[in-house]
Each structure stands twice: as C-alpha cells, then as structure tokens.
Amino acid sequence: MERFRDKVVIVTGGSRGIGLAACKSFAEEGAKVIIASLDKGRGQAAANSISEMGAEAIFIQTDVTQRDQVERLTARTLDQFQDIHVLVNNAAVHGKDSFWNEGENLWERMFQVNVMGTVLPSQSVVRHMMNNNGGVIVHVASKAGVVGEPGHAAYSSSKGAVIALTRAMAVELAPYDIRVNAISPGPVYTDMFTNNVPQEEDQQKLADAAPLGRIGLPADIARGILYLASSDSDWCTGQSLNIDGGFSILK
C-alpha cells in the first residue's frame with residue numbers, strides 16, 4: 001500500500017521508539033518524512049536510515065517546548081515541501097514517584113513537554129492546514145491517561161490532558177477539514193519503557209498481566225498511527241484509540 005504517496009508528514013520525537021517506527025512506516029507507504037527531535041545524532045541517523053530505504057526524509061533539530069523552534073520546523077518543512085498533510089505529536093517525557101513526593105519541577109516538566117509540546121506544534125501546523133485544504137493530526141497519549149496508575153500522577157495527568165485536548169481540537173478544527181485523534185499505547189518496548197522497567201523479570205511479569213500476554217512493539221503503535229492518519233479513518237475525529245494489549249479493560 002502507498003496511502004501516503006507524496007504526502008508530507010512531520011513526526012516529533014521521531015528519532016527513536018514509537019516515533020521512529022512511525023517514520024519508517026510512513027516512508028514505506030510513500031510519505032516524505034520530517035523527523036523532529038532534540039537528539040541530533042539519533043535524528044540524523046534516523047533520516048539516513050529512511051533515505052537508505054529509498055524514501056525521502058530530513059531531520060530538523062527541534063525542542064517542541066520552544067515556540068520559535070517549532071515555527072522554524074514548520075517554515076523549513078514548507079520551504080522544502082510546500083505542504084504539510086500530517087502531524088504526529090509523539091515527543092514526550094516520563095517521570096514517576098509516589099504522588100505525595102512528586103514535586104513542582106516534575107509536574108511542570110510533564111506538562112511542559114507532554115502537553116505544551118503537543119500544543120505548540122499543533123498551533124503552528126494548523127495555521128497552514130486551515131488555509132490549505134485541511135489535514136490530519138495524531139497525538140500520542142498513553143494508557144496512563146485513560147486509567148489510574150500508582151506512581152504516575154503527573155505523567156498520567158499530562159497524558160489525560162492530551163486526550164482532552166484531542167477532543168477540543170477536533171471539534172474546533174472540523175469545519176476546516178482537519179481531523180484530530182490520539183493513540184493511547186500501553187507498555188511498549190522502547191527506551192522509555194526499559195529505563196523505567198529495567199529488570200527482565202519485572203518486564204515479564206508485566207507481559208504476563210496483559211490480556212494478550214506480551215509487551216507491545218513500536219510497530220504495533222505505528223500501525224495505529226498510520227490508520228488514524230490515513231483516509232481509512234476519514235469519518236473519525238476526536239477519538240483516542242487504545243493499543244495496549246488489553247490493559248485498559250482490566251479492573
């Protein structure tokens with residue numbers, strides 16, 4: 001399939017994990033991919049790996065919490081490709097502690113990156129999409145924003161805010177033919193996951209607790225992102241799709 005032939009796609013946090021898997025999947029289906037990431041080495045390596053696939057990809061170093069850098073990302077994309085069809089807001093950070101120990105710095109960091117790092121790229125890209133026949137935005141939220149989890153109050157709150165933002169944006173932007181949806185992944189084998197669950201024994205316990213009996217892979221989430229970004233979901237907006245092995249249906 002080439003659902004994204006000649007489409008221009010920006011993926012924030014696209015240098016690793018779910019973001020990189022999404023970038024490669026978009027490229028395989030014909031997209032021109034812009035990888036936005038803070039990590040210059042990983043970002044350029046990701047762009048090179050996609051170019052080696054025979055697809056078109058560029059890396060633009062971007063801090064999604066800084067409006068000037070986000071505006072530069074949009075401007076450079078338009079300068080090179082003249083359009084933006086899809087934005088995937090994937091960049092995020094994670095932190096955990098008992099609720100009573102989560103300090104202001106942790107809360108501020110979660111909301112600065114996970115919420116404002118979604119708002120700022122969206123605002124920048126939407127101004128173009130509104131005047132150019134619409135587009136699609138996909139936010140990467142989390143199962144932690146759907147169900148309560150001990151030790152993740154700040155992170156869960158930030159991802160819950162992303163899900164609420166998805167609904168609000170979808171209603172406001174629908175008249176401009178801009179669809180906005182979210183993916184809420186469960187535990188997925190990424191750097192973020194292994195950093196927070198470093199012991200293989202603990203990883204296996206978590207996998208065993210999933211109704212589908214395993215931890216997710218970045219490709220599992222990438223397939224959902226592409227569905228929501230494609231014409232296959234043309235009558236879908238304001239939704240959060242849980243791809244979590246069934247964790248969110250447990251008590």
Side-chain angles (χ1 to χ4, degrees), residues 12-22 37-39 42 63-65 88-121 138-168 181-222 224-225 239-251:
T12 71
S15 66
R16 64 178 73 187
I18 291 170
L20 179 56
S37 172
L38 264 177
D39 192 320
R42 283 181 179 263
D63 182 343
V64 295
T65 71
V88 179
N89 286 306
N90 170 71
V93 293
H94 182 270
K96 64 178 182 178
D97 204 342
S98 53
F99 169 68
W100 49 91
N101 286 325
E102 288 187 330
E104 289 90 340
N105 288 343
L106 177 62
W107 279 87
E108 288 170 359
R109 181 65 173 159
M110 292 300 104
F111 275 76
Q112 180 186 41
V113 178
N114 298 350
V115 181
M116 293 311 299
T118 297
V119 169
L120 295 180
V138 181
H139 303 321
V140 179
S142 172
K143 175 184 70 73
V146 179
V147 300
E149 292 184 350
H152 296 86
Y155 177 74
S156 294
S157 297
S158 70
K159 289 300 190 177
V162 170
I163 294 170
L165 174 67
T166 301
R167 293 191 289 265
N181 290 290
I183 290 281
S184 291
V188 175
Y189 276 119
T190 63
D191 292 348
M192 184 183 291
F193 173 73
T194 55
N195 287 340
N196 284 280
V197 189
Q199 301 299 320
E200 290 187 11
E201 180 181 353
D202 294 332
Q203 294 175 14
Q204 188 57 52
K205 287 180 181 178
L206 193 57
D208 292 342
L212 291 181
R214 67 174 176 89
I215 302 300
L217 301 173
D220 293 319
I221 311 306
I225 291 171
Q239 304 305 306
S240 178
L241 175 60
N242 298 336
I243 302 181
D244 60 7
F247 273 110
S248 58
I249 62 175
L250 298 175
K251 291 182 180 179

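No experiment lies behind these values; they were computed from the predicted model shown.
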Distance-only polar pair, side chains of T118 and N89, donor-acceptor under 3.5 Å | no

Any side-chain donor paired with an acceptor under 3.5 Å for S142 and S184?
-> no

First locate atom [atom1] of [X], then atom [atom2] of [Y], and finally report the distance between them rounded to the nearest 0.5 Å.
X    : Y    : atom1 : atom2 : value
S157 : F99  : OG    : CZ    : 8.0 Å
Q203 : Q199 : CD    : CD    : 8.5 Å
W107 : E102 : CH2   : CD    : 6.0 Å
H94  : N114 : NE2   : CG    : 9.5 Å
D220 : I243 : CG    : CD1   : 7.5 Å
T190 : N196 : OG1   : CG    : 8.5 Å

Looking at residues at least two apart in the chain, or sitting in another chain, which of them share a side-chain contact (heavy atoms from CB on, under 4.5 Å) with A209?
->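 A209: side-chain contact (heavy atoms from CB on, under 4.5 Å) contacts with F247.
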
What are the two closest heavy atoms between [X] and [Y], and how far apart are they?
X    : Y    : result
V115 : S158 : CG2-O, 3.5 Å
I215 : P187 : CG2-O, 3.3 Å
F193 : L206 : CE1-CD2, 3.6 Å
V64  : A91  : CG2-CB, 4.0 Å
S248 : N242 : OG-ND2, 3.4 Å
A161 : F111 : CB-CE2, 4.1 Å

May I ask you to test the [X]-[Y] pair for a side-chain heavy-atom distance under 4.5 Å?
X    : Y    : answer
Q239 : T166 : no
V188 : I221 : yes
I183 : S240 : no
L20  : P218 : no
I225 : I18  : yes

Expected output: side-chain K159 to main-chain V140 donor-acceptor under 3.5 Å =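 Indeed, once roles are kept as given, a pair shorter than 3.5 Å links the two residues.
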
Between the side chain of N181 and the main-chain N/O of V138, is any donor-acceptor distance below 3.5 Å?
-> no

Between E149 and K143, is the closest basic N to carboxylate O distance under 4.0 Å?
->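 So K143 pairs with E149 through a salt bridge.
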
Partners meeting salt bridge (charged side-chain N to carboxylate O under 4.0 Å, His left out) with R16 (sequence neighbours left out) = D39, D191

